[in-house]
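See structure below.
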Amino acid sequence: MAPPRSFLWTRRIFLTLLTGFVLVPVYVMVSSSLKPLADVTDKFRWLPSDLTIRPYIDIWSTVPLAKYFANSLIVAGAATVCSVVIAVFSAYAVSRYAFRGKRVFTVTVLSTQMFPGILFLLPLFLLYVNIGNATGIALFGSRGGLVLTYLTFSLPFSIWMLIGYFDSVPRDLDEAALVDGCGPLGALFRVVVPAAIPGIVAVAVYAFMTAWGEVLFASVMTNDTTRTLAVGLQGYSTQNDVYWNQIMAASLVVSVPVVAGFLLLQRYLVAGLTAGAVK
């Protein structure tokens, strides 16, 4: 039975408005990034009168964008790898073995997502400073310290999500691997991990995107050498002027890796989120 015409028109209108709501800001960013600064600060025009790619050239010299890009890539990549590796072992142990305190562990992991990140900012800052003073290990202002910081809120969610996904993988696969001579680690890497690739990819994408765009901790835990993109973009705003065209150009440039990776891994991401959400 075909739906009524009123429903079809309502759906078209709603989807048109939603598409405009999403695409108009993107168009404003793209058009502003192709204008001279004087045109951006002047009255906004939907059709630029003077197009230039100069902002895309100047963004690399106005601030050390390449250094910030490298810092973000290193920190986000390291946080992603650590989150995935630790979450795989932790989730497999919780999913497949019974041990004392198992329920307390899972509840504790999940409850950490209830608190806002700003509650951990001052304790982590004091902890890093005291560790540096006592041992000489520079955690504050270093990439390693920032990676540890990101693990505090990306790792619990990663463990919790992989527990749900590993629970959906039949235990018969583990038993068959053990019968064939594999040990627990062999069953994990040869059977469970290949079957859980969508869930692992979803965890990796979540951890990377969380670290890539994080601002609060990066603005406090970094210095001029270890500053990331999320904080470094503030350098286009000075006491005398705001380079809006370069901000738009830089925002588009730094968004390319995340958008490209999301599009390439979208199929695994959707499968991982849906399978991990239903036990």
Side-chain angles (χ1 to χ4, degrees), residues 65 67-91 106 108-125 127-128 139-166 196-223 226-234 250-277:
L65 187 64
K67 181 174 69 175
Y68 299 157
F69 194 95
N71 289 336
S72 292
L73 192 61
I74 293 173
V75 171
T80 301
V81 172
C82 292
S83 293
V84 170
V85 172
I86 298 175
V88 165
F89 285 105
S90 302
T106 55
T108 303
V109 167
L110 185 59
S111 64
T112 57
Q113 304 300 305
M114 299 170 55
F115 303 100
I118 195 171
L119 292 180
F120 303 99
L121 182 60
L122 183 58
L124 285 175
F125 172 79
L127 182 64
Y128 287 178
L139 293 177
F140 176 74
S142 66
R143 298 190 189 101
L146 195 59
V147 170
L148 290 177
T149 302
Y150 290 158
L151 287 178
T152 60
F153 50 85
S154 66
L155 185 57
F157 180 81
S158 301
I159 294 175
W160 176 75
M161 195 169 81
L162 278 185
I163 289 174
Y165 199 93
F166 283 170
I197 288 297
I200 295 174
V201 171
V203 167
V205 172
Y206 166 78
F208 185 86
M209 294 182 66
T210 301
W212 185 264
E214 201 279 325
V215 177
L216 176 63
F217 290 94
S219 62
V220 177
M221 299 294 186
T222 59
N223 51 33
T226 59
R227 188 164 296 158
T228 59
L229 281 172
V231 181
L233 292 179
Q234 299 177 3
S251 299
L252 290 172
V253 170
V254 302
S255 300
V256 169
V258 177
V259 174
F262 181 82
L263 293 177
L264 291 174
L265 301 174
Q266 182 181 11
R267 176 167 58 92
Y268 297 101
L269 180 62
V270 173
L273 290 176
T274 54

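Numbers here are sequence positions counted from 1.
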Can you confirm whether T149 sits close enough to Y128 that some side-chain heavy atom of one is under 4.5 Å from a side-chain heavy atom of the other?
yes
Testing the basics here: between A196 and Y165, what is the closest heavy-atom pair and its distance to 0.1 Å?
CA-CE2, 3.2 Å
Any sub-3.5 Å donor-acceptor pair from T226's side-chain atoms to G141's backbone N or O?
yes
Contact summary for S154 and S158, nearest pair of heavy atoms:
O-OG, 2.7 Å
Donor-acceptor pair, S219 side chain versus L216 backbone, under 3.5 Å?
yes
Scanning both residues in full, the closest heavy-atom pair of P156 with V109 reads O-CG1, 3.1 Å
Scanning both residues in full, the closest heavy-atom pair of V88 with F166 reads O-CE1, 3.5 Å
Please check if the side chain of S142 supplies one atom and the backbone of L139 the other of a donor-acceptor pair under 3.5 Å.
yes
Heavy-atom closest pair (A218 atom, L146 atom, distance to 0.1 Å) is CA-CD1, 4.1 Å
Do the rings of F69 and W212 sit parallel, tilted or perpendicular, given the 30° and 60° boundaries?
perpendicular
Do S83 and Y206 come close enough that some side-chain heavy atom pair is under 4.5 Å?
no
Are any non-hydrogen side-chain atoms of F217 and L124 less than 4.5 angstrom apart?
yes
I118, CD1 atom: more than 12 neighbouring heavy atoms under 6.0 Å
no
Of all heavy-atom pairs linking A250 and L65, the shortest is CB-CD2, 4.3 Å
Going from CZ on F89 to CD1 on I159, what distance comes out if it is rounded to the nearest 0.5 angstrom?
12.5 Å
Could you walk me through whether V205 and T80 pass side-chain contact (heavy atoms from CB on, under 4.5 Å), step by step?
CA-CA 8 Å; V205 172; T80 301; over 6 Å; no
Check: R227/N71 side-chain N/O donor and acceptor closer than 3.5 Å
no
Please answer whether the main-chain N or O of A87 pairs with a side-chain N or O of S90 as donor and acceptor at a distance below 3.5 Å.
no
V215 versus T228: any side-chain heavy-atom pair under 4.5 Å?
no
When rounded to the nearest 0.5 Å, the distance separating CG of L155 from OG1 of T210 is 12.0 Å
Is the Y150 ring parallel, tilted or perpendicular to the F153 ring (thresholds 30°, 60°)?
perpendicular
